[in-house]
There are 2 protein chains.
Amino acid sequence: MNRNFSKQRETILKVIKDAEKHLTTDDIFAAAKKQSPSIGIATIYRNLQLLEEDKQIQKTQLDNGKTYYEPYIGPHHHLVCTKCGKITHVTEPDFKLCVTCIENKNQVKINKISTTIYGECC
Amino acid sequence: MNRNFSKQRETILKVIKDAEKHLTTDDIFAAAKKQSPSIGIATIYRNLQLLEEDKQIQKTQLDNGKTYYEPYIGPHHHLVCTKCGKITHVTEPDFKLCVTCIENKNQVKINKISTTIYGECC
DNA sequence: TGTTAAATTAATATTGATTATCAGTTTCGA
DNA sequence: TCGAAACTGATAATCAATATTAATTTAACA
């Protein structure tokens with residue numbers, strides 16, 4: 001599908017790029033409303049999908065069921081504080097797994113690895 | 001809360017223990033209905049919680065939002081086929097991360113690590 | 001064994017997040 | 001500028017999970 005330029009989509013993208021933390025759908029809805037007061041929730045969901053397809057933003061669904069969005073930065077993993085809820089990133093080399101070991105042993109072609117680490121940071 | 005013996009709870013536990021794969025809530029509801037045709041969905045959810053508290057079963061919420069149950073075996077990780085949906089387990093040493101590295105660098109006390117690996121097995 | 005309070009049940013209403021539908025509006029290339 | 005495709009906001013529909021409630025079952029104990 002070809003994209004048209006839409007003010008609402010730009011607003012949503014800006015909200016996510018300007019945020020210094022992971023945002024929920026509600027966070028995005030609230031922030032977008034300040035720019036476009038008449039924006040509807042359906043427009044939020046629709047554009048989050050489109051922006052994700054275009055690799056402009058990235059969706060993270062933690063295993064507690066909550067969904068967060070952040071600007072696209074490629075594959076990485078999350079560390080979530082179970083007390084204050086703060087979400088930070090975990091990168092190599094702290095996190096390491098033998099992809100080829102798993103591929104060989106299980107006869108699979110791995111295409112995505114998703115890890116969430118829970119702990120207390122405060 | 002003290003537990004009473006309940007036929008329904010035993011049925012649900014048996015369903016999960018007898019299954020040779022990860023079950024969704026609907027799978028469990030359907031299977032339990034064969035034993036106790038009058039069982040309600042609320043009873044399923046309530047007992048899944050209780051059985052999980054008692055460490056008799058284990059809940060896995062994949063990052064696509066789907067929830068699965070299996071008999072309790074302690075911490076482990078999952079490999080999901082994106083084609084056939086088959087779920088298998090991934091164990092050390094194929095999967096390894098430096099818990100203390102992450103703890104020191106981020107000043108956290110880690111209490112849970114959840115990883116889902118996606119690939120094609122067929 | 002009979003009584004009784006606590007635990008459990010099935011049915012149903014409610015919630016919360018997300019998706020589908022739809023009629024009207026906007027965008028943009030020919 | 002015209003028209004098809006993309007997009008919008010409102011709202012209905014869906015889906016998983018939780019809360020409520022009145023009736024039933026369990027098990028401790030008199």
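Reminder, nothing fancy here: chain letters follow the sequence lines and each chain counts from 1. Quick caveat: nothing in here was measured; it's all calculated off a predicted structure.
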Which is the 5'-most and which the 3'-most nucleotide of DNA chain D that has an atom under 4.0 Å from a heavy atom of chain B? D/dA16 to D/dA27
Step by step, would you call A/Ile117 with B/Val99 a side-chain contact (heavy atoms from CB on, under 4.5 Å)? CA-CA 10 Å; A/Ile117 302 171; B/Val99 172; over 6 Å; no
Can you check the A/Tyr68 OH to C/dA17 C1' distance for me, whole Å? 14 Å
Using a cut-off of under 3.5 Å, enumerate the N/O to N/O pairs linking the protein to nucleotides 25-29 of chain C.
unit_1: C/dC28; atom_1: OP1; unit_2: A/Phe5; atom_2: N; d: 3.3

Would you mind reading off the distance between B/Glu53 atom CD and C/dT8 atom P, rounded to a whole angstrom? 11 Å
Base, sugar-phosphate, or nothing: which does A/Gln49 touch, judged by heavy atoms less than 4.0 Å apart? sugar-phosphate
How long is the line joining OH of A/Tyr45 and C1' of C/dT21, in whole Å? 17 Å
B/Leu23-B/Ile87 co-clustered via ILVMFWY side chain contacts under 4.5 Å: no
Given atom CD of A/Gln61 and atom P of C/dG16, what is their separation to the nearest angstrom? 18 Å
Give a yes or no on whether the backbone of B/Lys7 and the side-chain of B/Thr11 come within a donor-acceptor separation of less than 3.5 Å. yes
Distance in angstrom units between A/Ile41 CD1 and C/dA20 P, rounded: 15 Å
Answer yes or no: is there an ion pair linking A/Arg3 with A/Glu53, defined by an N-O contact shorter than 4.0 Å? yes
Is there a donor-acceptor contact under 3.5 Å from the side chain of A/Ser6 to the main chain of A/Arg9? yes
Check whether any side-chain heavy atom of A/Glu120 lies under 4.5 Å from a side-chain heavy atom of B/Asn111, and answer yes or no. yes
With the side chain counted from C-beta on, respond yes when B/Thr116 and B/Val80 share a heavy-atom pair under 4.5 Å apart, and no when they do not. yes
Identify, between A/Asn2 and A/Ser38, the residue whose nearest nucleotide on DNA chain D lies closer to the 5' end. A/Asn2
For B/Gln8 and C/dA7, give me the distance from atom CD to atom C1', rounded to whole Å. 12 Å
Test log, rule ring-ring contact (aromatic ring centres under 6.0 Å, His included), inputs A/His77 and A/His89: CA-CA 6 Å; A/His77 305 280; A/His89 291 161; 9.8 Å; no
note: B/Leu48, atom CG; C/dT8, atom C1'; distance rounded to Å ~ 15 Å
Given atom CG of A/Asn47 and atom C1' of C/dT19, what is their separation to the nearest angstrom? 14 Å
Ignoring the backbone of B/Arg46, work out which of C/dA11, C/dT9, C/dT19 is nearest its side chain. C/dT9
If Ile, Leu, Val, Met, Phe, Trp and Tyr residues are connected whenever their side-chain heavy atoms lie under 4.5 Å apart, and connections chain through other members, are A/Tyr118 and A/Ile113 in the same group? no
